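Data block below; observations after.
The chain is numbered in sequence order, starting from 1. Given the structure is predicted, the values throughout are model-derived calculations rather than measurements.
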Amino acid sequence: MINEMPVIDRTISDKSVMNSGGNDSEQVEWFRDLALGMFIHWSVDSPLGGEISHPMIGAEERVLRQYEHDLPNLFDPYRFRADDYALLARTVGMRYLMFTAKHHSGFCMYNTNSTPYNIMNTPFQRDVTDEFITAFRRAGLGVGLYFSPLDFHWLRNNNIVLQFLNDEVIPVSNPGLMKYNKQQLTELMSNYGDIDLLFFDGPPEGLKELAWQLNSNVVVTRGEMETPEQHLPDTPISGAWETCHTIGDQWNWKATNVENKTGSELIRLLIETRAKGGNLLLNITPDPYGQIPTDQDSVLRELGLWMFWNNSAVYTVRPWRTLNDGDIWYAGEKDSNTVYAYILDEKVWKRGERREFLLKGVRATDKTRIELVGQNGMIMEHSHGETDISTKWKQNREGLFISAVRCYRPYGNMRWHNPVVIKITHAE
């Protein structure tokens with residue numbers, strides 16, 4: 001079991017800042033500092049190894065009956081432990097959860113009175129939404145829920161052909177569907193304590209307003225801010241935004257033919273996201289037994305190792321006035337004139353090797369101090385003072401020239417193929 005930790009401080013000191021028409025500005029700042037979250041796509045069709053919900057559109061009646069009658073009887077992930085996910089999130093440096101309480105199929109992964117099409121009517125008979133929320137709260141992490149207003153099960157029960165985003169399937173144009181969704185959202189917002197974040201994957205009108213009425217502190221991501229999916233914007237987006245990405249090539253668990261991103265690709269994705277001012281939401285997919293797939297676990301732990309050494313350059317940063325100089329990317333501390341330069345040139349940097357860089361996007365001052373994030377710049381293991389490991393820099397008309405030695409040792413073989421970050425204080 002995970003030791004209890006205090007929940008991340010998200011207290012608002014002055015309620016006068018509340019904007020009833022949207023997210024509260026102080027809560028949005030809290031959200032932006034979370035930086036990295038765990039998305040979990042899991043539903044009744046996950047054990048099949050195909051994509052989640054979407055294949056129902058255009059499927060013949062027999063297939064749809066199997067979704068609704070056969071799959072619930074086959075759902076029994078008896079090895080599931082929510083604490084395993086919370087512990088992995090903490091280890092990787094993730095600060096919040098976003099769990100699919102209800103995807104487009106309409107199957108509810110929680111105990112609901114709105115429909116029998118829910119997880120309590122499976123052989124598993126456990127409210128995994130409650131278990132996830134409890135585990136992540138106990139780990140001191142933020143909790144968020146994904147909710148789809150596009151409910152294929154409800155549409156079928158009301159003899160409406162399954163389509164995507166025409167008037168009949170949009171709650172604001174369908175009073176019956178709106179009432180049904182509001183009942184479910186009220187359950188989720190009332191039965192599990194305060195929910196920190198909501199992700200509406202579909203038209204949010206009428207639902208996000210209800211969410212704010214039920215909990216004025218809840219931050220709505222998709223439905224209220226930019227949420228690019230599986231891609232990044234070319235330039236920074238003003239204000240808060242969140243991008244969601246799969247580790248493999250679909251949102252649900254995939255049995256074979258999996259093409260995962262590497263740990264290095266995830267690190268670069270995180271750096272570019274933070275340099276552009278966004279949060280990164282990385283999706284993992286429970287397997288048929290409810291466990292974390294080992295291939296996803298491995299690449300996330302590579303990201304976690306990088307975060308362990310570099311997290312001070314991740315959480316509270318905002319876009320710098322220069323986005324990047326080629327393979328050198330920038331971000332600045334939000335409350336200081338400290339700048340981080342992320343070296344993304346993919347060269348293997350051997351421990352003890354000196355490398356030189358010319359930074360054109362930042363200027364040093366008389367008070368500037370420069371060092372690689374994660375090391376103290378005074379000691380390198382086994383060198384006994386025989387090697388000059390000091391970081392040197394010079395500001396001239398061409399830019400900021402930096403000469404540095406990598407002293408820290410994440411890997412036993414002394415080599416490090418992932419980005420190194422340079423911290424530059426009192427910058428301009």
Inset, instruction - Examine distances only and state if a side-chain atom of Ser148 and a backbone atom of Gly106 form a donor-acceptor pair shorter than 3.5 Å. - result: no
Legend entry - Between Tyr192 and Glu187, a side-chain donor and acceptor under 3.5 Å: no
Legend entry - Over 12 non-hydrogen atoms of neighbours within 6.0 angstrom of CG in Asn413: yes
Inset, instruction - Taking atom types as modelled, find out whether Tyr330 and Asp325 have a side-chain donor-acceptor pair closer than 3.5 angstrom. - result: yes
Inset, instruction - Please assess Lys261 against Arg268 for the test side chain to side chain contact (heavy atoms under 4.5 Å, CB included), listing each intermediate value before the final yes or no. - result: CA-CA 11 Å; Lys261 298 177 179 67; Arg268 293 174 67 90; over 6 Å; no
Inset, instruction - Could you tell me whether the side chain of Arg321 and the main chain of Glu428 form a donor-acceptor pair under 3.5 Å? - result: yes
Legend entry - Minimum heavy-atom distance Pro149-Leu177, with the two atoms named: O-CD2, 3.8 Å
Legend entry - Side chains of Arg301 and Leu88 in contact at under 4.5 Å (non-hydrogen atoms): yes
Inset, instruction - Side-chain contact test, heavy atoms from C-beta onward, threshold under 4.5 Å: evaluate it for Ile424 versus Leu400 and give yes or no. - result: yes
Inset, instruction - Heavy atoms only: give me the nearest Leu280-Thr273 pair and the separation to one decimal. - result: N-CG2, 3.9 Å
Inset, instruction - Kindly give the heavy-atom pair with the smallest separation between Asn324 and Gly326, and that separation in Å. - result: ND2-O, 2.9 Å
Legend entry - With Glu131, the salt bridge (Lys or Arg N to Asp or Glu O under 4.0 Å) member among Arg137, Arg138, Arg81, Arg126: Arg126
Inset, instruction - State, yes or no, whether a side-chain contact exists between Glu302 and Leu266 at a heavy-atom distance under 4.5 Å. - result: no
Legend entry - Lys423 atom NZ, over 12 foreign heavy atoms within 6.0 Å: no
Legend entry - Lys/Arg-Asp/Glu bridge criterion (N-O < 4.0 Å) met for Arg318, Asp335: no
Inset, instruction - Any chance you could lay out the side chain to side chain donor-acceptor pair (under 3.5 Å) test for Asn252 and Ser46, step after step, and finish with the verdict? - result: CA-CA 6 Å; Asn252 239 358; Ser46 294; 2.7 Å; yes
Inset, instruction - Determine the interplanar angle of the Tyr117 and His153 rings, folded into 0 to 90°, and report it as parallel if under 30°, tilted if 30 to 60°, perpendicular if over 60°. - result: parallel
Inset, instruction - Taking the side chain as every heavy atom from C-beta outward, state whether Ile271 and Tyr340 have any pair of such atoms under 4.5 Å apart. - result: no
Legend entry - cation_pi(Arg95, Tyr315) dist<6.0 Å, angle<=45: yes
Inset, instruction - Look at atom NZ of Lys347 and say whether more than 12 heavy atoms of other residues, nucleotides or ligands are closer to it than 6.0 Å. - result: no
Legend entry - Leu300 side, atom CG; Asp295 side, atom CG - distance, nearest 0.5 Å: 9.5 Å
Legend entry - Gap separating the CG atom of Asn191 from the OG1 atom of Thr129, nearest 0.5 angstrom: 11.0 Å
Inset, instruction - Please examine the side chains of Leu303 and Leu282, heavy atoms only from C-beta on, and report whether any two atoms are closer than 4.5 Å. - result: yes
Legend entry - Considering all heavy atoms, the nearest Ser216-Asp24 contact: O-CB, 4.4 Å
Legend entry - Side chain Gln250, main chain Gly49, donor-acceptor under 3.5 Å: yes
Inset, instruction - Would you check if there is a donor-acceptor pair between the side chains of Asp33 and Thr316 at a distance under 3.5 Å? - result: no
Legend entry - Asn257 side-chain N/O to Glu259 backbone N/O, donor-acceptor pair under 3.5 Å: no
Inset, instruction - Step through it carefully: locate the ring centre of Trp42, locate the ring centre of Tyr85, and say whether they are under 6.0 Å apart. - result: no
Legend entry - Among Phe132, Tyr146, Tyr110, the one residue meeting ring-ring contact (aromatic ring centres under 6.0 Å, His included) with Phe99: Phe132
Inset, instruction - Using atom types as modelled and distance alone, determine if a side-chain donor or acceptor of Gln230 lies under 3.5 Å from a backbone N or O of Thr246. - result: yes
Legend entry - Glu265 side chain to Thr262 backbone, donor-acceptor under 3.5 Å: yes
Legend entry - Close side-chain approach of Met38 to Ile284, heavy-atom, < 4.5 Å: yes
Legend entry - Min side-chain heavy-atom separation Met56-Ser105 under 4.5 Å: yes
Inset, instruction - Check whether any side-chain N or O of Gln375 sits under 3.5 Å from a backbone N or O of Val405 as a donor-acceptor pair, and report yes or no. - result: yes
Legend entry - Sidechain N-carboxylate O distance under 4.0 Å for Asp345, Arg355: yes
Inset, instruction - Measure the acute angle between the ring planes of His104 and Phe152, then classify it against the limits of 30° and 60° as parallel, tilted or perpendicular. - result: tilted
Inset, instruction - Please answer whether the main-chain N or O of Thr425 pairs with a side-chain N or O of Thr368 as donor and acceptor at a distance below 3.5 Å. - result: yes
Inset, instruction - Tell me, yes or no, whether the heavy-atom count around Glu226 atom CD, taken from other residues, nucleotides or ligands under 6.0 Å, exceeds 12. - result: no
Legend entry - Donor + acceptor pair across side chains of His103, Ser53 (<3.5 Å): yes
Inset, instruction - Applying side chain to side chain contact (heavy atoms under 4.5 Å, CB included), run through Trp212 and Asn23 and close with a yes or a no. - result: CA-CA 8 Å; Trp212 286 317; Asn23 291 321; 3.3 Å; yes
Legend entry - Atom of Asp127, atom of Met109 and distance for their closest heavy-atom approach: OD1-O, 3.8 Å
Legend entry - Salt-bridge present (Glu29, Arg32; N to O < 4.0 Å): yes
Inset, instruction - Would you confirm whether Asn215, through its side chain, and Ile195, through its main-chain N or O, come within 3.5 Å as a donor-acceptor pair? - result: yes
Inset, instruction - Please confirm whether Trp30 and Tyr96 have ring centers closer than 6.0 angstrom. - result: no
Legend entry - Within 6.0 Å of NZ in Lys334, more than 12 heavy atoms from elsewhere: yes
Inset, instruction - Establish, from distance only, whether the side-chain atoms of Asn418 and Ser264 form a donor-acceptor pair under 3.5 Å. - result: yes
Legend entry - Heavy-atom pair of closest approach, residues Pro419 and Asn310: O-ND2, 4.5 Å
Inset, instruction - Carefully, step by step, assess Phe107 and Asp45 under the rule side chain to side chain contact (heavy atoms under 4.5 Å, CB included). - result: CA-CA 9 Å; Phe107 184 82; Asp45 53 359; over 6 Å; no
Inset, instruction - Answer yes if the side chains of Thr221 and Glu242 hold a donor-acceptor pair under 3.5 Å, and no otherwise. - result: yes
Inset, instruction - Could you label the plane-to-plane angle of the His41 and Phe39 rings as parallel, tilted or perpendicular, counting under 30° as parallel and over 60° as perpendicular? - result: perpendicular
Inset, instruction - Give a yes or no on whether the backbone of Tyr408 and the side-chain of Arg406 come within a donor-acceptor separation of less than 3.5 Å. - result: yes
Inset, instruction - Would you give the length of the straight line joining atom CZ of Arg79 to atom CD1 of Ile292, rounded to the nearest 0.5 angstrom? - result: 14.0 Å
Inset, instruction - State which residues pass salt bridge (charged side-chain N to carboxylate O under 4.0 Å, His left out) with Glu272; sequence neighbours excluded, sorted by chain then number. - result: Lys276
Inset, instruction - Please assess Met94 against Leu141 for the test side chain to side chain contact (heavy atoms under 4.5 Å, CB included), listing each intermediate value before the final yes or no. - result: CA-CA 8 Å; Met94 294 169 163; Leu141 306 178; 5.8 Å; no
Inset, instruction - Tell me yes or no: between the side chains of Gln184 and Ser114, is some donor less than 3.5 Å from an acceptor? - result: yes
Inset, instruction - Starting at CE of Met225, measure out to OG of Ser238 and round the result to the nearest 0.5 Å. - result: 12.0 Å
Legend entry - Leu270 vs Trp306 side-chain heavy atoms within contact, under 4.5 Å: yes
